[in-house]
Amino acid sequence: MSDTNLNSGVNRRQFLAASAVTAMATSVAGAMPAGEPIRGQAEHVISIWLGGGMGQIDTFDPKAKGDPKKKKPGSYYESIPTCVDGVQLCEHLPKLAPVMDRVTAVRTVNHSVIDEHAAATNWMHVGRPVSGTVVYPSLGSIISHERGAASDDVPAYVLIGYPNATRGPGFLGAQHSYLYLTDTGRGPAGLSPPLGVDQARRHRRESFLTKLRSLQPETREAVLKDYDATIDLSLKLSGPEFMSSFDLDRESADLRQGYGGEFGQRCLLARRLVERGVRFIEVSHNLNFLNGAGWDVHNGGILEQHKLIQELDTAMAALILDLEQRNILDKTLIVVTTEFGRPPEFDSGGGRGHQGSAFTCVLAGGGLKHTGAYGQTDELSKKIVSNPVSVPDFFATIHASLGIDYAKSLYDGDRPVPITDGGQPIKALFG
């Protein structure tokens with residue numbers, strides 16, 4: 001074999017030498033004892049999703065103020081100090097500022113999807129890019145699979161928002177999917193009995209179903225077993241005990257008012273679901289986008305951005321203090337994610353584009369060692385200066401906080417799939 005036939009630019013001797021070095025490195029690495037995985041003390045996750053792309057430079061990673069009219073890059077708002085020395089926030093986050101010692105704004109999250117909402121949304125829910133051969137499970141479904149519900153009478157995973165494939169169970173199967181709702185006052189529509197169906201009528205229906213099932217031969221088909229399990233769970237969840245979780249009128253008027261409007265009531269419901277034993281709750285921030293744009297602040301969309309920031313400030317601060325008062329903040333990890341951030345430059349209409357190379361996601365509670373902020377970006381929040389955090393790293397931090405082995409693999413059939421695609425937790429957040 002000719003030395004030049006193996007690879008253009010790499011001769012045979014170079015190839016063999018590189019192979020030997022690789023084999024030696026692999027052998028040494030394999031001989032090294034694996035360290036004990038980091039394990040936290042959290043039991044539940046409330047994940048707040050800011051669809052559209054929260055601009056880090058206008059919220060949790062503020063910089064010197066810019067000017068959209070003069071096309072001067074920078075923050076859209078003034079900055080304010082917090083209870084953590086050296087950590088500042090946007091002026092529209094005054095309620096979070098005094099509780100930032102229970103919060104860490106991870107300012108150096110990054111991924112390579114920057115231009116398209118759907119792809120980035122998928123990445124921020126499953127922790128990796130779309131595959132043509134594997135349908136990956138979402139973060140919520142993995143946590144459902146690994147930890148299950150904290151009570152036999154509730155689902156493990158609830159989505160307060162519109163259903164979406166990016167939130168789904170992928171190859172883990174339907175039993176690790178979500179129960180969803182959009183109306184906090186009524187709860188999941190499919191579990192609410194129709195008008196005229198009282199308790200007596202419901203019991204007759206269930207008795208009739210039990211008799212029909214007893215006449216059927218036992219099945220070994222996994223799909224049919226999953227279907228039966230879904231029926232059993234739906235019957236259990238439609239009962240008065242679980243459905244009372246959605247009766248927010250049981251909370252005091254002052255507390256409800258403290259959480260704020262529609263989004264705040266979703267966060268209050270999430271707290272009630274945690275108390276019931278739901279393991280993972282995703283709360284969508286804005287179902288009906290302000291100004292038709294929500295966090296997607298291109299052009300004139302930025303004019304209403306402060307309203308969204310204020311809603312987040314009110315609801316998240318209330319949630320932190322409410323959980324703390326009930327002595328469950330250390331057991332409940334609050335996560336705030338978005339599909340990407342925003343660049344410091346203003347576009348022709350005064351808004352901002354997309355930036356996935358450096359943006360902020362937020363962690364609060366969960367028994368973590370909070371520092372107000374983690375990681376540093378440059379003077380325009382455009383480039384990462386120190387402590388970059390990949391999406392797999394961020395997900396590994398969440399898993400570690402729940403005591404889930406972030407280094408293990410799940411299996412799509414006989415195909416191993418790493419839980420976090422090689423992510424490592426942020427060690428500084430664990431005491």
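Every value quoted in this text rests on a predicted model; they were computed, and no experiment measured them. For the numbers below, each heavy atom of this structure counts, side chains included, while hydrogens, waters and symmetry mates do not.
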Inset, instruction - Measure up the His176 and His145 rings against each other and bin them: parallel (under 30°), tilted (30 to 60°), perpendicular (over 60°). - result: perpendicular
Legend entry - Sidechain N-carboxylate O distance under 4.0 Å for Arg256, Asp254: no
Legend entry - Cationic N near anionic O, under 4.0 Å, Arg342 to Asp296: yes
Legend entry - Spacing of CG belonging to Leu96 relative to CD1 belonging to Ile80, to within rounding of 0.5 Å: 9.0 Å
Inset, instruction - Classify the side-chain pair Ser244/Asp247 by whether it contains a donor and acceptor separated by less than 3.5 Å. - result: no
Legend entry - Phe280 vs His44, ring pair (Phe, Tyr, Trp, His ring centres under 6.0 Å): CA-CA, chis, key distance, verdict: CA-CA 6 Å; Phe280 185 97; His44 308 270; over 10 Å; no
Inset, instruction - Verify the distance criterion only: is there a donor paired with an acceptor across the side chains of Tyr259 and Asp322 at less than 3.5 Å? - result: yes
Inset, instruction - Using a strict 4.0 Å threshold on nitrogen-to-oxygen distance, state whether Arg102 and Glu324 make a salt bridge. - result: yes
Inset, instruction - Say whether Ser245 and Arg276, considering side chains only, have a donor N or O and an acceptor N or O under 3.5 Å apart. - result: yes
Inset, instruction - Give a yes or no on whether the backbone of Gln88 and the side-chain of Ser79 come within a donor-acceptor separation of less than 3.5 Å. - result: no
Inset, instruction - For the residue pair His354 and His117, categorise the inter-ring angle as parallel (less than 30°), tilted (30 to 60°) or perpendicular (more than 60°). - result: perpendicular
Legend entry - Residues Arg415 and Asp412 bridged, charged N to O under 4.0 Å: no
Legend entry - Tyr178 and Tyr157 aromatic centres sub-6.0 Å: yes
Inset, instruction - Working to the nearest 0.5 Å, report the span between OG1 of Thr360 and CG of Asp61. - result: 4.5 Å
Legend entry - Under 3.5 Å donor-acceptor, Thr397 side chain and Asp393 backbone: yes
Inset, instruction - Over all heavy atoms of both residues, which pair between Thr108 and Ile384 is shortest? Give the atoms and the distance, please. - result: O-CD1, 3.4 Å
Legend entry - Arg167 side chain vs Gly140 backbone, donor-acceptor pair below 3.5 Å: no
Inset, instruction - Inspect the contact between Asp58 and Arg352 and indicate whether a charged nitrogen and a carboxylate oxygen are less than 4.0 angstrom apart. - result: yes
Inset, instruction - Show your reasoning for whether salt bridge (Lys or Arg N to Asp or Glu O under 4.0 Å) applies to Glu275 and Arg272. - result: CA-CA 5 Å; Glu275 290 179 308; Arg272 290 174 62 84; 5.8 Å; no
Inset, instruction - Can you establish whether the number of heavy atoms outside Asp85 located under 6.0 Å from its atom CG is more than 12? - result: no
Legend entry - Side-chain donor or acceptor of Arg147 paired with backbone N/O of Arg279 under 3.5 Å: no
Inset, instruction - May I have the step-by-step check of salt bridge (Lys or Arg N to Asp or Glu O under 4.0 Å) for Glu311 and Lys95, ending in yes or no? - result: CA-CA 11 Å; Glu311 284 184 346; Lys95 294 179 180 178; over 6 Å; no
Inset, instruction - Quickly, which of Trp49, Phe394, Tyr136, Phe395 forms a ring pair (Phe, Tyr, Trp, His ring centres under 6.0 Å) with His125? Name it, please. - result: Trp49
Inset, instruction - Give a yes or no answer on whether the side chain of Asp347 reaches the backbone of Asn299 with a donor-acceptor pair at less than 3.5 Å. - result: yes
Inset, instruction - Verify the distance criterion only: is there a donor paired with an acceptor across the side chains of Gln305 and His92 at less than 3.5 Å? - result: no
Inset, instruction - Check whether NZ of the Lys or CZ of the Arg Arg107 lies under 6.0 Å from the centre of the six-membered ring of Tyr374 and within 45 degrees of that ring's axis. - result: no
Inset, instruction - Please determine, by modelled atom types, if Ser141 and Ser138 share a side-chain donor-acceptor pair under 3.5 angstrom. - result: yes
Legend entry - Main-chain N/O of His370 paired with Thr104 side-chain donor or acceptor, under 3.5 Å: no
Inset, instruction - Please check if atom NZ in Lys71 has more than 12 non-hydrogen atoms from other residues, nucleotides or ligands closer than 6.0 Å. - result: yes
Legend entry - Exercise: do Asn164 and Thr166 side chains pair donor with acceptor under 3.5 Å: yes
Legend entry - Residue pair Glu345, Lys72: steps toward the salt bridge (Lys or Arg N to Asp or Glu O under 4.0 Å) verdict: CA-CA 7 Å; Glu345 299 86 3; Lys72 177 186 175 183; over 6 Å; no
Legend entry - Ser381 and Gln56 side chains, donor-acceptor separation under 3.5 Å: yes
Legend entry - Residue Gln257 excluded, over 12 heavy atoms near CD under 6.0 Å: no
